[in-house]
*Asks:* 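My structure is below; once you've seen it, I'll send some questions.
When reading the values below, keep in mind they use all heavy atoms of this one structure, side chains included, and skip hydrogens, waters and symmetry mates.
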Amino acid sequence: MDARAYTTKFQASGKSLPGEKLSASLLVTPVSFMYALSTNGYKNVFELAHLTLDKSPNTRGDNASSVSYLIHNFMLHQKKLDKIHVAILNSEFTMAPEAFALDREMKPLLQFVTGAEQNKRSQKHHLNQLDFFYGVDTELATSIERLFPNVSIRHAGAINISLLFSHHTLALANIFLNVSEGFIELAARENKNLLFYNIFSYSTNEDILYYLLFMMEQFNLNPIQVRLAIAGERPVQDELFVSIKKYIKNVNFCVHDKSIHLGEGLSSLPDHHYFTLLNQHLCEL
């Protein structure tokens, strides 16, 4: 078990009533670990923590030992969880039309496209006429499944693509930008068709702006007409968002599903914070 140092970026904890059924949502990235505990089928969130691992961004690392340590450290494995969803964010994924993927072994393609290592478990999600293939560290997946037998492990990319087409806050959006620590997710759609999805590592705000504007240029998306929805753990007045608004006219920030209630100590969080973590249970894959 790895007790590597971490920094607590945010933590707030309330109480649940004895006997209430608990649900958990986890989000694991190469540089961070987040979890939220809820009651009433993910509707009442009473505890949330966001931990930054002391490590330089590296999309190849899935942090198996660190995740196991943090689960034990926060005693999540001792909770009586009725439901648990875990989202994994990494760059080891590819997408293909369902017709192309049918009757094909996609692990060699995943390895060819992403350079995925042999110790990765290949998994697949079905999206709108697309198959989303990704690799997850076998040790990480096995460790999580051992601790939570009823867990659902999914790729954050497939979750956010699904939410782009189903979540009310993204109903009018052409582009979805999700800003995480060291990484962004960028997705674009045209009506019911996915135009683009990818994950990028970044060092500066200028990197993020470049990826966004370059993608728009490649798909001939008019900055006057497109509608951009933003999620991420930054204030709305952040310099990045101020810069984006200089180029894109219609910019809005995501809000959680109306069924989600943030409890004591959490209600002051902006709605565009922890969007994937708190809304992933709404996504069926």
Side-chain angles (χ1 to χ4, degrees), residues 1-7 9 24-36 49-77 81 83-96 101 105-127 131-162 178 180-185 197-202 276-277 280-281 283 285:
M1 189 175 296
D2 183 4
R4 180 176 34 165
Y6 63 87
T7 302
K9 188 169 183 179
S25 177
L26 276 64
L27 174 59
V28 178
T29 86
V31 296
S32 64
F33 174 87
M34 309 176 197
Y35 75 85
H50 178 179
L51 312 169
T52 300
L53 302 175
D54 291 349
K55 172 185 176 183
S56 298
N58 176 1
T59 54
R60 299 298 177 193
D62 278 315
N63 303 320
S65 57
S66 295
V67 168
S68 178
Y69 168 77
L70 290 170
I71 289 173
H72 283 83
N73 188 57
F74 287 90
M75 296 184 289
L76 299 179
H77 63 301
L81 299 175
K83 298 178 181 178
I84 177 168
H85 288 291
V86 176
I88 305 291
L89 179 67
N90 64 32
S91 63
E92 295 173 355
F93 70 91
T94 190
M95 289 177 283
E105 173 55 55
M106 297 305 296
K107 188 171 184 177
L109 177 61
L110 184 64
Q111 292 175 336
F112 175 77
V113 173
T114 69
E117 300 172 1
Q118 291 291 332
N119 64 338
K120 299 290 181 177
R121 180 194 296 182
S122 296
Q123 311 239 137
K124 178 173 69 174
H125 297 307
H126 291 291
L127 297 168
D131 278 340
F132 186 105
F133 296 89
Y134 73 101
V136 59
D137 182 81
T138 301
E139 182 183 354
L140 173 65
T142 301
S143 176
I144 292 173
E145 290 168 345
R146 186 181 300 116
L147 293 170
F148 307 109
N150 61 333
V151 69
S152 169
I153 301 176
R154 303 177 297 179
H155 195 282
I159 291 169
N160 284 321
I161 291 172
S162 180
N178 194 10
S180 302
E181 292 178 90
F183 302 91
I184 63 167
E185 293 175 84
Y197 173 82
N198 210 346
I199 299 169
F200 300 98
S201 62
Y202 68 89
T276 305
L277 181 70
Q280 67 166 312
H281 67 281
C283 170
L285 291 174

*Asks:* Only one of Ser32, Ser91, Ser201 clears side chain to side chain contact (heavy atoms under 4.5 Å, CB included) with Phe183; which?
*Replies:* Ser201
*Asks:* Quick one: pull up CG in Leu51 and CE in Met34 and give me the separation to the nearest 0.5 Å.
*Replies:*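 Result: 9.0 Å between the selected atoms.
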*Asks:* Find out whether His126 and Lys124 are in side-chain contact, i.e. whether some heavy atom of one side chain is under 4.5 Å from a heavy atom of the other.
*Replies:*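 They are in contact (side-chain heavy atoms under 4.5 Å apart), so the answer is yes.
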*Asks:* Going by atom type alone, with no hydrogens or angles, which donor-acceptor pairs under 3.5 Å involve a side-chain atom of residues 147-161 and a protein atom two or more places apart or on another chain?
*Replies:*
unit_1	atom_1	unit_2	atom_2	d
Asn150	ND2	Leu81	O	3.4
Asn150	ND2	Asp82	O	3.1
Arg154	NH1	Cys283	O	2.5
Arg154	NH2	Gln280	O	2.7
His155	ND1	Gly157	N	2.8
His155	NE2	Asn90	O	2.9
His155	NE2	Asn90	OD1	3.2
Asn160	OD1	Thr276	OG1	3.1
Asn160	ND2	Ala156	O	3.3
Asn160	ND2	Glu185	OE1	3.1
Asn160	ND2	Glu185	OE2	3.0
Asn160	ND2	Thr276	OG1	3.1

*Asks:* Check for me whether the distance between the ring centres of Phe74 and Tyr35 falls short of 6.0 Å.
*Replies:*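 Judged by ring-centre distance (under 6.0 Å), Phe74 and Tyr35 do meet the cut-off.
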*Asks:* Are any non-hydrogen side-chain atoms of Leu285 and Leu127 less than 4.5 angstrom apart?
*Replies:* yes
*Asks:* Taking side chain to side chain donor-acceptor pair (under 3.5 Å) as the test, write out the residues that go with Asn198, two or more places apart.
*Replies:*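 Partners of Asn198 under the side chain to side chain donor-acceptor pair (under 3.5 Å) test: none.
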*Asks:* Leu53 and Pro30: which non-hydrogen atoms are nearest, and at how many Å?
*Replies:*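 Scanning both residues completely, I find the closest heavy atoms to be CD1-O, 4.4 Å.
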*Asks:* From Leu140 CG over to Glu145 CD, what is the distance, rounded to the nearest 0.5 angstrom?
*Replies:*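 Here the rounded value is 9.5 Å.
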*Asks:* Can you check whether Ser143 reaches Val67 side chain to side chain, under 4.5 Å on heavy atoms?
*Replies:*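 Of all side-chain heavy-atom pairs linking Val67 with Ser143, none is under 4.5 Å.
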*Asks:* Hey, what do you get for CZ (Phe200) to OG (Ser180), rounding to the nearest 0.5 Å?
*Replies:* 13.5 Å
*Asks:* Mind checking ring-ring contact (aromatic ring centres under 6.0 Å, His included) for His77 and listing every partner two or more places apart, or none if nothing turns up?
*Replies:*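 Residues passing ring-ring contact (aromatic ring centres under 6.0 Å, His included) with His77: His72.
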*Asks:* Quick one: list whatever passes side chain to side chain donor-acceptor pair (under 3.5 Å) with Thr52, sequence neighbours left out.
*Replies:* Glu181
*Asks:* Between atom CG of Leu76 and atom CZ of Phe33, what is the distance when rounded to the nearest 0.5 Å?
*Replies:*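 Leu76 atom CG to Phe33 atom CZ measures 5.5 Å (nearest 0.5 Å).
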*Asks:* In Å, rounded to the nearest 0.5 Å, how long is the span from OG1 of Thr94 to CZ of Phe133?
*Replies:* 8.5 Å
*Asks:* Could you pull out all residues at least two apart from Tyr197 that satisfy ring-ring contact (aromatic ring centres under 6.0 Å, His included)?
*Replies:*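 Partners of Tyr197 under the ring-ring contact (aromatic ring centres under 6.0 Å, His included) test: Phe93.
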*Asks:* Rounded to the nearest 0.5 Å, what separation is found between the CD1 atom of Ile144 and the CD1 atom of Ile71?
*Replies:*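 The CD1 atom of Ile144 sits 5.5 Å away from the CD1 atom of Ile71.
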*Asks:* Tell me whether Thr7 contacts the main-chain N or O of Lys9 through its side chain, where contact means a donor paired with an acceptor under 3.5 Å.
*Replies:*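 A pair under 3.5 Å: no.
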*Asks:* Mark yes or no for whether Ser25, through its side chain, and Leu277, through its backbone, hold a donor-acceptor pair below 3.5 Å.
*Replies:* yes
